[in-house]
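Below is one structure, written out as structure tokens; comments come after it.
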Amino acid sequence: AMKKSYVSLFLLLVVISCALAKDAGKKDTKDTTAKPKLPQTLSRGWGDQLIWTQTYEEALFRAKHSQKPLMIIHHLEDCPHSQALKKVFAEHKDIQKLAEKFILLNLVYETTDKNLAPDGQYVPRVLFIDPSLTVRADITGRYSNRLYAYEPSDISLLYSNMQKALKLLKTEL
């Protein structure tokens with residue numbers, strides 16, 4: 001009976017050390033913010049050559065201080081709708097070009113800010129926030145039940161909404 005408990009204890013230790021190693025690996029990526037490779041990981045495939053912010057707080061700070069609008073994309077890696085939108089977004093040359101004028105953030109988790117889920121926590125959804133840190137609830141997609149959802153077929157609407165977010169900026173600031 002003694003031997004058995006040794007084995008299970010050993011297995012438990014192996015599991016714990018794997019979990020710790022995983023966390024340590026995560027921390028390493030945080031410290032290398034200065035390296036140019038970071039955008040690739042932060043883009044999560046939405047535009048590898050674009051500069052993406054790491055956190056919502058950082059994104060708000062940058063929007064405020066650069067006077068650029070912020071575009072937030074909520075998505076999930078294993079959601080087919082998110083994947084489909086990501087593909088057309090990343091391949092859309094004009095969108096990728098226009099996106100350079102924004103502070104960019106894509107999130108695979110929800111923030112505690114209820115303003116980012118005006119009509120629910122669904123994915124994919126795209127919201128615009130102006131430099132005064134106001135969520136632009138007036139810039140919506142074409143679905144009345146999910147105002148900030150976009151399908152791949154709505155990509156030109158998303159593009160014109162991006163233009164709208166930039167135009168609003170010029171007239172209001």
Side-chain angles (χ1 to χ4, degrees), residues 22-118 121-137 139-141 147-152 154-169 173:
K22 228 194 230 142
D23 283 349
K26 273 201 197 96
K27 280 200 187 69
D28 290 348
T29 55
K30 276 229 165 51
D31 302 333
T32 54
T33 31
K35 290 193 181 139
K37 274 188 71 101
L38 202 64
Q40 272 70 30
T41 53
L42 288 179
S43 81
R44 295 193 181 90
W46 289 88
D48 288 344
Q49 82 294 348
L50 294 167
I51 295 168
W52 296 84
T53 46
Q54 196 156 7
T55 63
Y56 179 47
E57 292 70 29
E58 181 198 347
L60 290 176
F61 179 85
R62 287 204 185 170
K64 191 175 180 168
H65 291 274
S66 66
Q67 292 299 301
K68 283 179 174 181
L70 164 60
M71 177 161 71
I72 298 186
I73 304 168
H74 285 87
H75 64 109
L76 286 172
E77 298 289 2
D78 55 0
C79 158
H81 300 286
S82 297
Q83 291 287 7
L85 184 64
K86 178 196 296 194
K87 191 174 173 352
V88 295
F89 186 93
E91 290 171 2
H92 195 293
K93 300 264 186 294
D94 293 337
I95 277 189
Q96 292 289 309
K97 190 87 200 104
L98 199 58
E100 293 174 5
K101 296 185 161 75
F102 288 82
I103 300 299
L104 299 167
L105 178 66
N106 68 77
L107 291 175
V108 287
Y109 52 87
E110 294 290 339
T111 69
T112 51
D113 188 347
K114 297 286 171 280
N115 297 311
L116 291 188
Q121 298 188 335
Y122 51 86
V123 292
R125 70 180 195 279
V126 182
L127 287 139
F128 296 94
I129 297 179
D130 65 30
S132 75
L133 305 189
T134 305
V135 173
R136 300 308 307 224
I139 305 181
T140 57
L147 292 174
Y148 309 97
Y150 296 85
E151 303 257 318
D154 306 324
I155 198 70
S156 55
L157 174 60
L158 179 55
Y159 179 63
S160 65
N161 277 348
M162 287 169 73
Q163 289 175 311
K164 192 193 277 182
L166 287 164
K167 269 202 201 84
L168 284 170
L169 203 64
L173 289 180

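Hydrogens, waters and symmetry mates are skipped; everything else that's a heavy atom, side chains included, is used. All residue numbers refer to positions in the sequence shown, counting from 1. Worth saying up front: this structure is predicted, and the values here are computed from it rather than measured.
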Nearest atoms (heavy-atom pairs only) where [X] meets [Y]:
{"X": "A99", "Y": "L104", "value": "O-CD1, 3.7 Å"}
{"X": "A137", "Y": "T140", "value": "O-CG2, 3.3 Å"}
{"X": "A63", "Y": "L133", "value": "CB-CD2, 4.4 Å"}
{"X": "G47", "Y": "W52", "value": "O-NE1, 2.9 Å"}
{"X": "P152", "Y": "A84", "value": "CG-CB, 3.5 Å"}
{"X": "V126", "Y": "L158", "value": "CG1-CD1, 4.0 Å"}

Tell me, please, which residues at least two apart from [X] pass ring pair (Phe, Tyr, Trp, His ring centres under 6.0 Å).
{"X": "Y56", "result": "none"}
{"X": "Y159", "result": "H92"}
{"X": "Y148", "result": "none"}
{"X": "Y150", "result": "none"}

[atom2] on [Y] to [atom1] on [X], rounded to 0.5 Å:
{"X": "D48", "Y": "Q96", "atom1": "CG", "atom2": "CD", "value": "8.5 Å"}
{"X": "H74", "Y": "N106", "atom1": "NE2", "atom2": "CG", "value": "10.0 Å"}
{"X": "F128", "Y": "M162", "atom1": "CZ", "atom2": "CE", "value": "6.0 Å"}
{"X": "Q163", "Y": "I139", "atom1": "CD", "atom2": "CD1", "value": "11.5 Å"}
{"X": "E77", "Y": "Q83", "atom1": "CD", "atom2": "CD", "value": "6.5 Å"}
{"X": "H75", "Y": "L107", "atom1": "NE2", "atom2": "CG", "value": "7.0 Å"}

List for me each residue that meets side chain to side chain contact (heavy atoms under 4.5 Å, CB included) alongside [X], sequence neighbours excluded, and say none if there are none.
{"X": "S66", "answer": "K68, I103"}
{"X": "K101", "answer": "L98, L166"}
{"X": "A117", "answer": "Q121, R125"}

Inset, instruction - Could you list the residues that satisfy side-chain hydrogen bond (donor to acceptor under 3.5 Å, both in side chains) with T134, not counting sequence neighbours? - result: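 T134 satisfies side-chain hydrogen bond (donor to acceptor under 3.5 Å, both in side chains) with S132 only.
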Inset, instruction - Determine, stepwise, if the pair L105 / M71 fulfils side chain to side chain contact (heavy atoms under 4.5 Å, CB included). - result: CA-CA 6 Å; L105 178 66; M71 177 161 71; over 6 Å; no
Inset, instruction - Ignoring hydrogens and angles, tell me if any N or O in the side chain of D130 forms a donor-acceptor pair with the backbone of R136 under 3.5 Å. - result: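 No; zero donor-acceptor contacts below 3.5 Å.
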Inset, instruction - Give a yes or no on whether the backbone of R44 and the side-chain of K86 come within a donor-acceptor separation of less than 3.5 Å. - result: yes
Taking C-beta and beyond as the side chain, do [X] and [Y] meet within less than 4.5 Å on heavy atoms?
{"X": "H81", "Y": "P124", "value": "yes"}
{"X": "L116", "Y": "I72", "value": "yes"}
{"X": "T53", "Y": "L42", "value": "no"}
{"X": "L60", "Y": "L70", "value": "yes"}

Tell me every residue that passes salt bridge (Lys or Arg N to Asp or Glu O under 4.0 Å) with [X], counting only those two or more places apart in sequence or in another chain.
{"X": "E58", "result": "R62"}
{"X": "K87", "result": "E91"}
{"X": "E151", "result": "none"}
{"X": "K114", "result": "none"}

Inset, instruction - If the plane angle is over 60° it's perpendicular, under 30° parallel, otherwise tilted; pick one for F89 and W46. - result: perpendicular
